[in-house]
Protein chains: 2
Amino acid sequence: MTNGDIDQTSRPTNLGQIIKKARTDMKLSQREVEEATGKEVSNAYLSQLESGKITKPSPHILYALSTALAVPYETLMERAGYIVPSTERPESAKHGRAATFAVDNLTAEEENALLDYLAYLRSKKG
Amino acid sequence: MTNGDIDQTSRPTNLGQIIKKARTDMKLSQREVEEATGKEVSNAYLSQLESGKITKPSPHILYALSTALAVPYETLMERAGYIVPSTERPESAKHGRAATFAVDNLTAEEENALLDYLAYLRSKKG
DNA sequence: TGCGCTTGCTAAGTTTGTCAAGCATCTACC
DNA sequence: GGTAGATGCTTGACAAACTTAGCAAGCGCA
């Protein structure tokens, strides 16, 4: 339909094709996958996923599929357009300096004192 | 309303409370958070999140909030009930409380001021 | 030929995240 | 008093995820 001809044999790029390829590679039917996920993903829904009618299934669904189809969870998450936590962040000092505080295991009192102080600093600055 | 009295000062356990505490700790209004996320999270939606009316916001939303509120993305994902890929078992320190400062939005001055203040606090206490 | 079973798919419905608009309350300043 | 702005919250609408029931084509088998 909306679907032109996509090279099914080479490496698939969108989520639906990844799922479909993984499933057919394992020689499973859609209903078998439904079983394999413990009914967490219905065969009807799987069909919609593979045909691209659903573009962003919830991580829960993706996790079930990742285990049933032996595809890494992160891959599916990424392909669904979700931001994948940690797992290497290229540059962005991000944790660099922040770690100073993180590593330092603050006590609750210290945390509160620092937060108050920070609020004070910022209020001063406007 | 539906909300009994929940100890707001101690460490919150559900998503809404985590978000609310992070926001109030930073002394931001809901509309300021909306701005801070570049309008990716509306103040109306934020209100529903904090009050627990929404239990599973999309990872996209959680990511925006994590950066705006300086709370680790993984924490929010976990609290929203999503499975977090890889990333060691949370068993150990992780950052729990210190992460409140996760601090990619501390300026260098603020960081130094806070570190000095922390050193001062600890020297006082022995 | 007909029956049973499987496979992939779709049509229709429910649920839920998300937003725009607007209301109620509080503060502050005239 | 009045009115202006900020803050938290609710409401109504829409879209997208997800479910349930069921259909059409294919298979083997008596």
Side-chain angles (χ1 to χ4, degrees), chain A residues 1-3 6 8 14-65 68-69 76-77 79-83 119 122-123 126, chain B residues 1-6 8 12 14-66 68-69 76-77 79-83:
Chain A
M1 309 278 160
T2 53
N3 203 349
I6 301 166
Q8 187 65 40
N14 9 308
L15 183 64
Q17 296 170 53
I18 290 181
I19 293 174
K20 180 164 196 167
K21 181 168 193 321
R23 178 177 65 81
T24 52
D25 279 354
M26 299 197 84
K27 301 212 187 306
L28 296 174
S29 73
Q30 292 178 338
R31 279 175 176 79
E32 282 171 324
V33 172
E34 170 174 352
E35 283 302 321
T37 62
K39 299 275 189 186
E40 280 189 280
V41 183
S42 72
N43 68 82
Y45 189 47
L46 185 54
S47 175
Q48 294 175 83
L49 277 177
E50 292 184 357
S51 68
K53 278 190 172 174
I54 308 274
T55 59
K56 282 177 98 76
S58 92
H60 190 237
I61 296 279
L62 294 180
Y63 185 75
L65 288 177
L69 298 178
L76 298 184
M77 287 288 280
R79 245 55 212 83
Y82 294 129
I83 293 117
R122 289 181 171 167
S123 74
Chain B
M1 312 263 164
T2 53
N3 201 348
D5 16 39
I6 302 166
Q8 188 65 41
N14 15 303
L15 183 64
Q17 294 171 53
I18 289 180
I19 293 174
K20 180 163 197 166
K21 179 168 194 319
R23 179 178 63 82
T24 53
D25 279 352
M26 299 197 83
K27 305 223 186 299
L28 296 174
S29 72
Q30 293 178 337
R31 280 174 175 79
E32 282 172 324
V33 171
E34 170 174 354
E35 283 302 322
T37 62
K39 300 275 190 187
E40 279 188 280
V41 183
S42 73
N43 68 82
Y45 189 46
L46 186 54
S47 176
Q48 295 175 86
L49 275 178
E50 292 184 357
S51 67
K53 278 189 173 176
I54 307 275
T55 59
K56 282 178 100 74
S58 94
H60 190 238
I61 296 281
L62 294 180
Y63 185 75
L65 288 177
S66 77
L69 298 178
L76 298 184
M77 287 288 280
R79 248 54 214 78
Y82 293 130
I83 292 113

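Numbers restart at 1 for each chain; the letters A, B, ... are given by sequence-line order, proteins then strands. What you are looking at is a predicted structure, and each value in this text was computed from that prediction instead of being measured.
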Rounded to the nearest 0.5 Å, what's the gap from OG on A:Ser47 to CD1 on A:Ile19? Could you check? 11.5 Å
Interface residues of residues 38-47 of chain B with DNA chain C (non-hydrogen, below 4.0 angstrom): B:Glu40, B:Ser42, B:Ala44, B:Tyr45
Considering residues at least two apart in sequence or located in another chain, which fulfil the side chain to side chain donor-acceptor pair (under 3.5 Å) criterion with A:Gln48? none
Over how many whole Å does the gap from A:Leu28 atom CG to C:dT7 atom C1' extend? 13 Å
Partners of A:Lys27 by side chain to side chain donor-acceptor pair (under 3.5 Å), sequence neighbours excluded? none
Answer whether the closest heavy-atom distance between the side chains of B:Ile61 and B:Leu76 falls below 4.5 Å. no
When you check the phosphate oxygens OP1 and OP2 of D:dC9, does a side-chain N or O of B:Gln30 lie under 4.0 Å from one of them? yes
Does any residue of residues 53-60 of chain A have a heavy atom under 4.0 Å from DNA chain C, and if so, which ones, in number order? none
Specify the separation, in whole Å, of atom CD1 of A:Ile19 and atom P of D:dC18. 11 Å
What nucleotide, of D:dT19, D:dG22, D:dC9, holds the atom closest to the side chain of B:Glu50? D:dC9
When rounded to the nearest 0.5 angstrom, what is the spacing between NZ in B:Lys56 and CE in B:Met77? 9.0 Å
Using whole Å, what does the distance between atom P of nucleotide D:dC23 and atom CZ of A:Arg31 come to? 13 Å
Spacing of A:Ile61 atom CD1 relative to C:dG17 atom P, expressed in whole Å: 14 Å
Once side-chain contact (heavy atoms from CB on, under 4.5 Å) is applied, do any residues pair with A:Thr55, and if so which ones, sequence neighbours excluded? none
Would you be so kind as to tabulate the donor-acceptor pairs closer than 3.5 Å made by side chains of residues 35-42 of chain A, with sequence neighbours excluded?
| residue | atom | partner | partner atom | Å |
| --- | --- | --- | --- | --- |
| A:Glu35 | OE2 | A:Lys39 | NZ | 3.2 |
| A:Thr37 | OG1 | A:Val33 | O | 3.3 |
| A:Thr37 | OG1 | A:Glu34 | O | 2.9 |
| A:Thr37 | OG1 | A:Glu40 | N | 3.4 |
| A:Thr37 | OG1 | A:Val41 | N | 3.2 |
| A:Glu40 | OE2 | A:His60 | NE2 | 2.9 |
| A:Ser42 | OG | A:Tyr45 | N | 3.1 |

What distance do B:Leu69 atom CG and B:Lys20 atom NZ have between them, rounded to the nearest 0.5 Å? 13.0 Å
Counterpart residues, ring-ring contact (aromatic ring centres under 6.0 Å, His included), relative to A:Tyr63 (two or more places apart): A:Tyr73
So if I take the C1' atoms of five pairs at each end of the helix from C:dT1-D:dA30 to C:dC30-D:dG1 and get each local axis, what angle do the two axes make, rounded to 10 degrees? 10°
Roughly how many Å is it from NZ in A:Lys20 to P in C:dT7, rounded to a whole number? 14 Å
Would you mind reporting whether A:Leu49 and A:Leu65 have side-chain heavy atoms less than 4.5 Å apart? yes
Only counting residues at least two apart or in another chain, list the ones meeting side chain to side chain donor-acceptor pair (under 3.5 Å) with A:Glu50. A:Arg23, A:Gln30
Is A:Arg23 near enough to C:dG8 that one of its side-chain N or O atoms lies under 4.0 angstrom from OP1 or OP2? yes
Rounded to whole angstroms, how far apart are CD on B:Gln48 and P on C:dT18? 10 Å
Separation of C:dA20 atom C1' from B:Glu34 atom CD, nearest Å, is 10 Å
